[in-house]
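One structure is given here, and the rest of the page talks about it.
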Amino acid sequence: MNAENPEVLISEEEIQARVLALAEQISADYGGEELVMVGVLKGSFIFLADLSRRLSIPRTIEFIAVSSYDNGSVASGAVRLVMDVRGNIEGKHVLIVEDIVDTGHTLKYLIRLMKSHRPASVKTAALVRKAESAEVDVTIDYLGFDIGDEWVVGYGLDYAEQNRTLPYIGFVEPTDS
Ligand code: 5GP
């Protein structure tokens, strides 16, 4: 396995088709209501960019940053808040846009955090889910793809900050586990 040329797991075409389908579903579900999309940095930035541009409802963008892993793929345990939303989301419809749901701890933490801002509603979108790795029960309202437990990169996702801008989702074999 070569980190400079990860093997394709989900192609660019598959991703684009799925993102469009999710955007159409979200637009229909919110029925013209304004949405605050909260992207989880850094991994969701490309998914958020594509998803937000395909919506046909009013939307604004916020970012949040958490840290749950060290600079590789070994879980460090607790979720740490690095940056909260800047805008006031009280009374608004919030959609958390996450890259990957692995154990589910991060998303569970984020839902709780968003709810503490007293929004009108909180829903979740995730590009991929590692279904076999789930440790906590957390609802993903809009899911891109289910994958196995390989380490994936591309389309915003990194391995030690590399490979984020690949147009597809590929997989690499971590060297630190
Ligand atoms: P969880 O709290 O669900 O275990 O972890 C979620 C976070 O772990 C994701 O937001 C992501 O940052 C990171 N993560 C888990 N698996 C992968 C992976 O295969 N590739 C990348 N790039 N990040 C991952």
Side-chain angles (χ1 to χ4, degrees), residues 1-12 14-16 18-19 22 26 36-52 61-85 94-116 122-177:
M1 191 62 55
N2 178 358
E4 280 169 24
N5 193 20
E7 220 163 292
V8 177
L9 184 66
I10 307 170
S11 71
E12 184 175 0
E14 285 175 276
I15 296 170
Q16 293 305 329
R18 188 74 193 117
V19 170
L22 289 176
I26 293 167
V36 182
M37 305 179 79
V38 178
V40 186
L41 291 173
K42 299 177 190 173
S44 76
F45 81 111
I46 293 179
F47 178 42
L48 176 70
D50 283 350
L51 187 65
S52 62
I61 308 294
E62 291 284 339
F63 284 104
I64 199 164
V66 289
S67 159
S68 54
Y69 288 82
D70 291 324
N71 207 27
S73 64
V74 180
S76 64
V79 181
R80 186 166 65 88
L81 179 65
V82 177
M83 185 186 86
D84 203 347
V85 288
V94 167
L95 179 65
I96 300 170
V97 181
E98 177 60 301
D99 52 2
I100 295 194
V101 178
D102 185 1
T103 63
H105 287 292
T106 305
L107 191 57
K108 191 166 184 149
Y109 168 85
L110 290 173
I111 292 169
R112 212 170 47 232
L113 180 71
M114 288 301 105
K115 284 186 173 165
S116 74
V122 178
K123 282 179 144 188
T124 56
L127 178 62
V128 292
R129 170 175 63 186
K130 295 185 180 177
E132 297 156 22
S133 318
E135 286 178 10
V136 292
D137 194 20
V138 65
T139 303
I140 303 173
D141 298 290
Y142 304 101
L143 175 65
F145 304 93
D146 266 319
I147 60 168
D149 71 356
E150 59 266 274
W151 189 264
V152 289
V153 295
Y155 200 67
L157 298 159
D158 75 312
Y159 175 62
E161 292 304 325
Q162 299 304 304
N163 301 127
R164 283 196 199 277
T165 56
L166 287 174
Y168 62 91
I169 295 175
F171 59 96
V172 294
E173 274 166 14
T175 52
D176 59 352
S177 61

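Atoms within a ligand are numbered from 1 in the order they appear, just like the ligands themselves. Everything numeric here is computed off the predicted structure, so don't read it as measured data.
Taken from CD in Glu150 to CD in Glu7, the straight-line distance is 10.0 Å, to the nearest 0.5 Å. Atom CG of Asp149 and atom CG of Asp102 lie 8.5 Å apart (nearest 0.5 Å).
Under the salt bridge (charged side-chain N to carboxylate O under 4.0 Å, His left out) criterion, Arg18 pairs with no residue, sequence neighbours left out. When the side-chain hydrogen bond (donor to acceptor under 3.5 Å, both in side chains) test is applied to Gln16, the partners found at least two apart in sequence or on another chain are Asp50, Arg54.
Crowding of Lys42 atom NZ: a count of heavy atoms from other residues, nucleotides or ligands under 6.0 Å not exceeding 12.
Within the listing of ligand 1, atoms 10 (O) sit less than 4.0 angstrom from a heavy atom of Glu98. Within ligand 1, the atoms closer than 4.0 Å to a non-hydrogen atom of Asp158 are 21 (C), 22 (N), numbered from 1 in the order shown. Atoms of ligand 1 found under 4.0 Å from any heavy atom of Thr103, numbered from 1 in the order shown, are 1 (P), 2 (O), 3 (O), 4 (O). Taking a cut-off of under 4.0 Å to the non-hydrogen atoms of Thr106, the atoms of ligand 1 that pass are 1 (P), 2 (O), 5 (O), 6 (C).
Residue contact annotation: Lys130 has a non-hydrogen atom under 4.0 Å from ligand 1. In this structure, Glu135 falls outside the shell of residues with a heavy atom less than 4.0 angstrom from ligand 1. Residue-ligand proximity: Asp99 is placed with a non-hydrogen atom under 4.0 Å from ligand 1.
For ligand 1, the polar-atom distance check finds no N/O of Leu157 at less than 3.5 Å from any of the ligand's N/O atoms. Below 3.5 Å of separation, one finds an N or O of Gly104 facing an N or O of ligand 1.
At a 4.0 Å heavy-atom cut-off, ligand 1 touches Ile100 through backbone and side chain alike.
In summary, the side chains of Ser44 and Asp99 do not present any donor paired with an acceptor at a separation below 3.5 Å, with no hydrogens or angles considered.
Of the listed residues (Thr106, Val82, Leu113), just one forms a side chain to side chain contact (heavy atoms under 4.5 Å, CB included) with Val66, and that residue is Thr106.
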